[in-house]
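Just so it is clear, the model here is predicted, and its values are computed rather than measured. As a basis for the values below, the full set of heavy atoms in this structure was taken, side chains included, without hydrogen atoms, waters or symmetry mates.
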Amino acid sequence: MIKVSGYQLFSATVLFQLGTTVIFGFASEAGRDAWIGILLSAFLGLFVILAYTSIMYMMPGLTLVEWFPKQFGPWLGIPIAWLYPLLFIYDAGRGLSDLKEIIPLTLLPGTPKWAILGAMMLVITYLLFSGVEVIFRLASLLLPIVFFFFVLELILLLSSKSVHISNLQPVMGGGWKRVWDTVWPFGILQTFGETIEFAVLWTFLKKPGQLAKINLIAVVVTGMTIAIFDMFAIMVLGEGVFQRNIYPLLVLLKQLSLSDFLDNLDALGVMYFMITIFLKLSLHLMTAVLCIQKLTRAATSHIPILFATVTTFWIGSNMAKNVTEHIYAGTKVLPYNLWIPLFLVIPAVLLTVTWIRSKLVTL
């Protein structure tokens with residue numbers, strides 16, 4: 001029987017929610033008020049996640065893809081359930097496409113993109129065959145490393161005398177609209193709505209009663225971390241540079257140096273990205289594999305793993321012609337066409353139906 005501790009679930013959730021936001025400037029369209037956008041996204045995203053946990057508490061022992069047949073019946077519930085693993089694989093392909101763009105730009109210029117993606121997918125495939133517990137143990141080991149370097153980065157920035165608090169002023173000078181545009185729907189759904197994937201894994205938690213508390217703390221930690229990242233990027237780079245750059249964190253870390261001895265510390269940013277994207281891709285695919293295994297009643301996970309990894313590699317290799325097209329699809333097309341229906345609308349209907357049925361049973 002697979003059992004996951006509260007700390008392991010917390011670690012995996014935080015690293016999953018950080019995802020690629022540690023590289024891309026979260027809510028950069030809001031300019032100097034981006035940090036307000038992430039805090040508001042975290043606040044609203046918490047209620048979305050609490051709705052997922054409420055469904056979990058009302059149907060204990062059942063995973064995400066078992067919720068829908070339970071409440072909607074097999075004819076409607078099973079087709080809806082199949083949408084989720086397919087979406088998780090597509091999201092994994094998008095994450096792999098992010099990797100395809102940033103690694104040649106920073107660490108391995110000139111290296112064929114297929115080689116980078118292939119190497120990453122081989123490691124992830126090995127991890128998937130190792131099982132759920134290995135992924136959670138790895139997350140619990142990597143989280144302290146990420147936050148150690150995060151604190152080190154802040155110390156170096158503060159000692160560099162390049163931090164200018166005045167760059168954050170005037171607060172809300174551009175009005176609420178540009179902040180809200182970054183919150184809805186992308187800010188809420190990309191960082192926090194995707195946590196619905198963990199509804200496939202929550203049944204492994206040793207103490208189910210801790211679920212809501214773990215998610216609450218994870219959202220607070222994630223929101224504060226990304227907000228601090230954004231604040232320092234704005235204070236060092238200024239609003240204009242922060243808004244214009246696709247990878248503002250890398251530009252921020254290029255400003256660091258240790259007594260003119262160590263410089264180009266943007267490798268720290270790439271390390272953040274590699275750790276979080278590796279864990280996020282692994283969790284995307286593990287949840288997809290578990291969903292497919294339950295829906296097909298497969299005896300082993302071997303075929304679902306091969307299907308998920310090969311499909312992800314193909315999607316990541318053929319996602320978009322360039323970074324601009326890739327970001328546009330992720331911020332303007334995907335949230336409205338897939339995330340809102342699957343992360344908000346269908347779960348809201350499910351929560352309502354489940355609550356009504358639970359009340360009718362008690363009458």
Side-chain angles (χ1 to χ4, degrees), residues 1-22 49-50 52-53 55-57 60-66 84-85 88-89 91-92 95-96 120-150 191-222 225 271-294 300-302 304-305 308-309 312:
M1 177 67 72
I2 299 172
K3 288 298 179 181
V4 174
S5 70
Y7 171 68
Q8 289 173 335
L9 178 60
F10 166 78
S11 300
T13 304
V14 170
L15 290 175
F16 180 87
Q17 290 175 351
L18 287 175
T20 56
T21 55
V22 294
I49 295 174
L50 289 178
Y52 301 155
T53 59
I55 298 173
M56 188 73 185
Y57 285 137
L62 298 183
T63 63
L64 173 67
V65 292
E66 295 171 303
Y84 287 89
F88 301 160
I89 292 173
D91 283 343
L96 199 64
M120 175 62 80
M121 289 310 302
L122 284 175
V123 178
I124 290 176
T125 302
Y126 174 78
L127 190 60
L128 293 178
F129 277 109
S130 299
V132 174
E133 287 179 298
V134 174
I135 294 178
F136 277 101
R137 288 172 187 167
L138 184 61
S140 66
L141 292 173
L142 291 176
L143 184 67
I145 296 174
V146 169
F147 278 94
F148 169 77
F149 283 105
F150 172 57
T191 306
F192 305 105
E194 280 186 319
T195 308
I196 195 173
E197 293 186 25
F198 279 78
V200 182
L201 307 169
W202 285 337
T203 54
F204 299 136
L205 184 62
K206 289 180 181 177
K207 299 179 180 179
Q210 296 179 337
L211 183 59
K213 179 181 177 182
I214 291 170
N215 279 300
L216 169 62
I217 298 173
V219 169
V220 171
V221 170
T222 300
T225 301
M271 186 206 68
Y272 292 145
F273 179 78
M274 290 296 291
I275 291 176
T276 56
I277 195 62
F278 175 70
L279 258 297
K280 190 161 189 173
L281 286 176
S282 300
L283 288 165
H284 274 317
L285 294 179
M286 179 55 76
T287 52
V289 166
L290 292 174
C291 288
I292 294 172
Q293 191 175 359
K294 282 190 176 294
T300 68
S301 60
H302 295 171
I305 287 175
T309 52
T312 298

Set of side chain to side chain contact (heavy atoms under 4.5 Å, CB included) partners for Leu50, sequence neighbours left out: Leu46, Thr53, Ala212

Looking at residues at least two apart in the chain, or sitting in another chain, which of them share a side chain to side chain contact (heavy atoms under 4.5 Å, CB included) with Val221? Phe10, Val14, Phe147, Ile217, Thr225

Pairs satisfying side chain to side chain donor-acceptor pair (under 3.5 Å), at least one member in residues 278-288, at least two apart: Glu194-Lys280, Glu197-His284, Glu197-Thr287

Is there side-chain contact between Val65 and Val200, with heavy atoms separated by less than 4.5 Å? no

In the structure I gave you, are the side-chain heavy atoms of Phe16 and Leu279 within less than 4.5 Å of one another anywhere? no

Determine which pairs satisfy salt bridge (charged side-chain N to carboxylate O under 4.0 Å, His left out) with at least one residue from residues 210-219, sequence neighbours left out, and list them in order. none

Leu201 versus Phe198: any side-chain heavy-atom pair under 4.5 Å? yes

Here the gap from Asn215 atom CG to Ile49 atom CD1, rounded to the nearest 0.5 Å, amounts to 5.5 Å

Does some side-chain heavy atom of Thr312 sit less than 4.5 Å from a side-chain heavy atom of Phe88? no

Rounded distance [0.5 Å steps], NZ in Lys3 versus CZ in Phe204: 9.0 Å

Below 4.5 Å, heavy atoms only, C-beta onward: do Leu290 and Lys294 meet side chain to side chain? no

Enter the distance from Leu142:CG to Met274:CE here, rounded to the nearest 0.5 Å. 11.5 Å

Pair listing, side chain to side chain donor-acceptor pair (under 3.5 Å) test, anchored in residues 127-140, at least two apart: none

Considering all heavy atoms of both residues, which atom of Ile214 and which atom of Gly6 are nearest to each other, and what is their separation? CD1-CA, 3.5 Å

Quick one: does Tyr57's side chain have a donor or acceptor within less than 3.5 Å of a partner on Pro208's backbone? yes

Considering only heavy atoms from C-beta outward, does the side chain of Leu211 approach that of Leu9 to under 4.5 Å? yes

Could you give the distance from CG (Leu18) to OG1 (Thr191), rounded to the nearest 0.5 Å? 9.0 Å

A side-chain contact here means heavy atoms from C-beta on lying under 4.5 Å apart; do Lys206 and Val4 qualify? no

With a 3.5 Å cut-off and no angle check, do the side chains of Gln8 and Ser11 form a donor-acceptor pair? no

Please enumerate all residues that pass side chain to side chain contact (heavy atoms under 4.5 Å, CB included) together with Ala199, with sequence neighbours excluded. Leu64, Trp67, Trp202

Ignoring hydrogens and geometry, is there a side-chain-to-backbone donor-acceptor pair from Thr222 to Val219 under 3.5 Å? no

So, do Thr203 and Leu62 sit near enough that their side-chain heavy atoms are less than 4.5 Å apart? no

